[in-house]
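Beneath this line is the structure, given in structure tokens, with notes to follow.
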Amino acid sequence: VAISIAFSDLAGNDGTAVTSVSDGSTVTLDSVAPLLHHVSITPVDRNVGHGDVITVVLSPSEALQLLPTVRIANQAATVIPVGANMYIANYTVQLTDPEGLVDFTVDMVDLAGNPAVTVNATTDGSTAAIDLTPPQLTFASIRCSTGLVCGIGGVITVSFTFDEVSSVGSLAIVQHQPRHIVEAACAGLDCTAMYEVVGEDGSLTPPVSAVPFYLEFSDLAGNTGSVAHTPSTAVATTDGSSARLDLTAPTISNIALRASAGNPVVSTGHQLELTFEADEALASVDTEIQGRTAHAICSDVVGCTDQPCEV
């Protein structure tokens, strides 16, 4: 700021005009509002969820009178000076915050008292987004390599699809405790996991029991999806598929051998009939009468009768 002092005494003598201070002091005139040379927001590589911290980094063009006032998601942020004309503003995401791209504002005043124009955009194009919605399964299926029923060596395959990119915390194909934890292979939104049935599973599960599976997962923002730990919270398939486990050997009873003529003593040329009942549906039956193959005819899912055979 330039100065000029003209003066005279009572007798009319003029003093020497003064245009500078004698003590070296200065005052600078500043009527220009401060600017932000740099503004960025993090994290930019993923959505943020409840409990995550959003950080806005600021670099003003000049020294400020006070800490800048920063609001993130329409909430007051904590501002910390971290160096010469550099500040960071932090805000922890709450469950009540709006989802989507994060809005922010920055207000500041320089040493001369000039207020800056409110800033609400980054200088590097960075953005952050809030995601508070848990991921969902849009598809879930379970199948056995041997059909509807799996025995030892059978492979149970579980397939499922998310509505957004998610990570699988754990996946269990459970016959009983302890759970059988398996790894899921995911490509995009689709995941598959497989489990091979072993003999030890027979001691864990009642025969012919439906096989549930249990899934823990979360999206990239940390929102947790279905966490299933009990039979009532097992994942329900969306296509109606199911798999059953049966490691109990079948048994047959009521075995009887009769001659077609009703005589217990027969000679060559007579037909014999072998009948029996099974305690569950049979996939195959191999029978011989007097060393000759006879083909079984099943009358229902558990009862089988041999075709008459000439001896």
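- Side-chain heavy atoms closer than 4.5 Å link hydrophobic residues (I, L, V, M, F, W, Y) into clusters, and following such links, even through other members, never connects Ile142 to Phe139.
- Every residue meeting the ring pair (Phe, Tyr, Trp, His ring centres under 6.0 Å) condition with Phe162, not counting sequence neighbours, appears here in chain and number order: Phe160, Phe217.
- For Thr224 and Glu216, the side-chain atoms include no donor-acceptor pair closer than 3.5 Å.
- Other residues sharing the hydrophobic cluster of Ile130, ordered by chain and number and joined by side-chain separations under 4.5 Å: Leu36, Val39, Ile41, Val48, Ile54, Val56, Leu58, Leu64, Leu67, Val70, Ile72, Val79, Tyr87, Tyr91, Val93, Val102, Phe104, Val106, Met108, Val119, Leu132.
- If you chain together hydrophobic residues whose side chains sit under 4.5 Å apart, Ile255 and Val285 fall into the same group.
- Residues Val168 and Cys186 are in side-chain contact: their nearest non-hydrogen atoms beyond the backbone lie under 4.5 Å apart.
- Rounding to the nearest 0.5 Å gives a distance of 4.5 Å between CD1 of Ile80 and CD1 of Ile88.
- In this structure the side chain of Thr123 never reaches within 4.5 angstrom of the side chain of Ser40, judged on heavy atoms.
- The hydrophobic clustering, which links ILVMFWY residues whose side-chain heavy atoms are closer than 4.5 Å, places Phe276 and Leu257 together.
- Between Pro34 and Pro60 the shortest side-chain heavy-atom distance does not fall below 4.5 Å.
- A distance of 8.0 Å separates CG in Asp103 from CG in Asn120, rounded to the nearest 0.5 Å.
- Proximity of Asp219 to Asp131: side-chain heavy atoms (C-beta onward) are separated by under 4.5 Å at one or more points.
- In this model, no donor atom of one side chain and acceptor atom of the other lie less than 3.5 Å apart for Ser141 and Ser159.
- In this structure, Met194 shares a hydrophobic cluster with Val155, the cluster being traced through Ile, Leu, Val, Met, Phe, Trp and Tyr side chains under 4.5 angstrom apart.
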| request: Could you please spell out the steps behind the side-chain contact (heavy atoms from CB on, under 4.5 Å) verdict for His38 and Asp124? | output: CA-CA 8 Å; His38 172 82; Asp124 60 359; 4.2 Å; yes
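- Considering only heavy atoms from C-beta on, Val18 stays 4.5 Å or farther from Thr16 through its side chain.
- A donor-acceptor pair under 3.5 Å is formed between the side chain of Asp163 and the backbone N or O of Gln136.
- Here the shortest heavy-atom pairing between Ala243 and Arg143 reads CB-C, 4.3 Å.
- If you check the side chains of Thr69 and Asp107, you find no donor sitting under 3.5 Å from an acceptor.
- Val44 and Leu220 fall into different hydrophobic clusters, where Ile, Leu, Val, Met, Phe, Trp and Tyr are joined by side-chain heavy atoms under 4.5 Å apart, directly or via other members.
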